[in-house]
Amino acid sequence: MFDYLIIGAGFAGSVMAERIATQLNKKVLIIEKRKHIGGNCYDFRDENNILIHQYGPHLFHTSNKKVWDYLSQFTEWEIYHHRVKAFVDGRKVTLPFNLNTLYEVFPNTIAVKLEKKLLDNFEYNTKVPILELKKSIDQDLQFLAQYIYEKIFRNYTSKQWGKSPEEIDEAVTARVPVFIGRDDRYFNDIYQALPKEGYTKIFERMLDHPNIKLLLNTDYKEVANLVDEKFYLFGNEFKGKVIFTGMIDELFSYRFGQLKYRSLDLKFETLDVESFQEVATVNYPNNYDFTRITEFKKMHPIKSNKTVILKEYPQDFVIGKNIPYYPIFTNEEKSKYERYKEYAADLTNIILLGRLAEYRYYDMDDIIERALVTFERLSREDNE
Ligand code: UDP
């Protein structure tokens, strides 16, 4: 009955379903554990008409025109440039740490000197990861690197990952580099915007096709299983291709051990004030147990005498208790993942796609790009 079985209705699964249904005219069944589509991008309007991101703030940004054009088929956009402040020593300063931040945190003479040193050593408008800057031999740059490391990275990373910046993959802290420029935005990508009617609408439009059947509220393990490298659906061997976007370790029954993920306890509060903070997100590296506060009205402005904020409390992922948001990038976990990947390589009918299935810290645009490329490969195979 179905040519493709897709597990998970987040971006990875939904883009694949949309492409397969519309471009290959093949039948797809998507199985989704939650009661809604959209994965962690799911959003909704609350009783005050404030658009809430149920699984934490999702800011769309990309420099990939192909991804932008693809997604633009399903939504209009609200121009939005994410700005973030970090609460440091009782003041809110610009993040990523850039040349403007120098003047916010240091007396003018010191800031001038440090700016000159930075510009003598790095190109203007470039990004320097904090762990790179820490390797500087110049004493002033060493001082600056140590300051930024202590005030912005060390404690935030310890809260977020339960580890020091050195214990996780360098690419993680490099996501928020020191910026040798004056661009105050959190991202520098060419395209930055939020979907006008929210992310959920994008998924609704993607999946609204007669070739796509959607089974919500269903853990795939209730209706499907993998035995001796064969996939069974409702008790019968499934001969089509399976696109799996869940946790790779779960799919293979944890045979090489559990992969570690970080989770979040998300605490939402509705407040009787029009505005809570000046920008959408304020990070608290050194204070409190939460990492950051996001105020949703700052992303989708709306007139209301109430506002909703979200505090994120990182915690370990525990099966059955919370959600695996982030793969934890230590060498140990990466080599465990490699064993799963090798094992999966022999199963040619199963395609693993997305943050959980590929154990990668993908952004939304990365996942869409991966899905589009994977689809192109599939459709070539389909034509052969
Ligand atoms: N980070 C930090 N301090 C900050 C912001 C980020 O130490 O104020 C580090 C931290 O390790 C974090 C990583 O940079 O996990 C990536 O941050 P990003 O804002 O990209 O995280 P996300 O929004 O994906 O949770």
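Read the numbers this way: they start at 1 and go in the same order the structure lists the ligands and their atoms.
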TODO: Would you verify whether the NZ or CZ of Lys267 falls within 45 degrees of the ring axis of Tyr313 while also being under 6.0 Å from that six-membered ring's centre?
DONE: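 That pair qualifies as a cation-pi contact.
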
Open item on the list: Less than 6.0 angstrom from the centroid, inside 45 degrees of the normal: does Arg34 satisfy that with respect to the ring of Tyr42?
Closed with: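 Judged by the rule (NZ or CZ under 6.0 Å from the ring centre, within 45° of its axis), Arg34 is not positioned above Tyr42.
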
- [ ] Determine the sole option in Met299, Gln192, Met364 for which the side chain to side chain contact (heavy atoms under 4.5 Å, CB included) test with Leu59 is passed.
- [x] Met299

- [ ] Pick one of side chain, backbone, both or neither for how Arg292 approaches ligand 1, counting any non-hydrogen atom pair under 4.0 Å.
- [x]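 Under 4.0 Å from ligand 1, Arg292 contributes side-chain atoms alone.
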
Open item on the list: Applying a heavy-atom cut-off of 4.0 Å, say which part of Val176 lies close to ligand 1: side chain, backbone, both or neither.
Closed with: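 Contact part for Val176 vs ligand 1: side chain (C-beta onward).
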
Task: Heavy-atom neighbours of Lys116 NZ exceed 12 at 6.0 Å - done: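 No, NZ of Lys116 has 12 or fewer neighbouring heavy atoms, counting only those of other groups under 6.0 Å.
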
Open item on the list: Can you confirm whether Lys33 is buried at NZ, in the sense that more than 12 heavy atoms of other residues, nucleotides or ligands lie under 6.0 Å from that atom?
Closed with: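 No, because the 6.0 Å sphere around NZ of Lys33 holds 12 heavy atoms or fewer from other groups.
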
Salt-bridge present ([X], [Y]; N to O < 4.0 Å):
X	Y	result
Lys117	Asp138	yes
Glu312	Lys159	no
Asp169	Lys334	yes

Task: Shortest protein heavy-atom distance from atom 3 (N) of ligand 1, along with the residue and atom involved - done: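 Heavy-atom neighbour on the protein nearest atom 3 (N) of ligand 1: Ile152 O, 2.9 Å.
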
- [ ] Considering heavy atoms of the protein only, find what lies nearest to atom 22 (P) of ligand 1 and give residue, atom and distance to 0.1 Å.
- [x] Tyr361 OH, 3.3 Å

Open item on the list: Please report whether ligand 1 has a polar contact with Tyr156, defined as an N or O pair separated by less than 3.5 Å (distance criterion only).
Closed with: no

What are the atoms of ligand 1, with element, lying closer than 4.0 Å to any heavy atom of [X]?
X	result
Thr173	11 (O), 14 (O)
Leu95	8 (O)
Trp161	11 (O), 12 (C), 15 (O)
Tyr326	22 (P), 24 (O), 25 (O)
Gln160	15 (O)

- [ ] Have a look at Arg205 and tell me which of Glu18, Glu197, Glu76 forms a salt bridge (Lys or Arg N to Asp or Glu O under 4.0 Å) with it.
- [x]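 By the salt bridge (Lys or Arg N to Asp or Glu O under 4.0 Å) criterion, Arg205 pairs with just one of Glu18, Glu197, Glu76: Glu197.
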
TODO: Over all heavy atoms of both residues, which pair between Tyr55 and Asn40 is shortest? Give the atoms and the distance, please.
DONE: CB-O, 3.4 Å

Who's closest to [atom] heavy-atom-wise, of [options]?
atom	options	value
atom 4 (C) of ligand 1	Asn283, Ile130, Thr294	Asn283
atom 16 (C) of ligand 1	Val172, Leu264, Asn286, Ile168	Val172
atom 20 (O) of ligand 1	Glu312, Arg175, His58	Arg175
atom 7 (O) of ligand 1	Thr157, Thr281, Ile148	Thr157

- [ ] Answer with yes or no whether Tyr186 contacts ligand 1, where contact means a heavy atom under 4.0 Å from a ligand atom.
- [x] yes

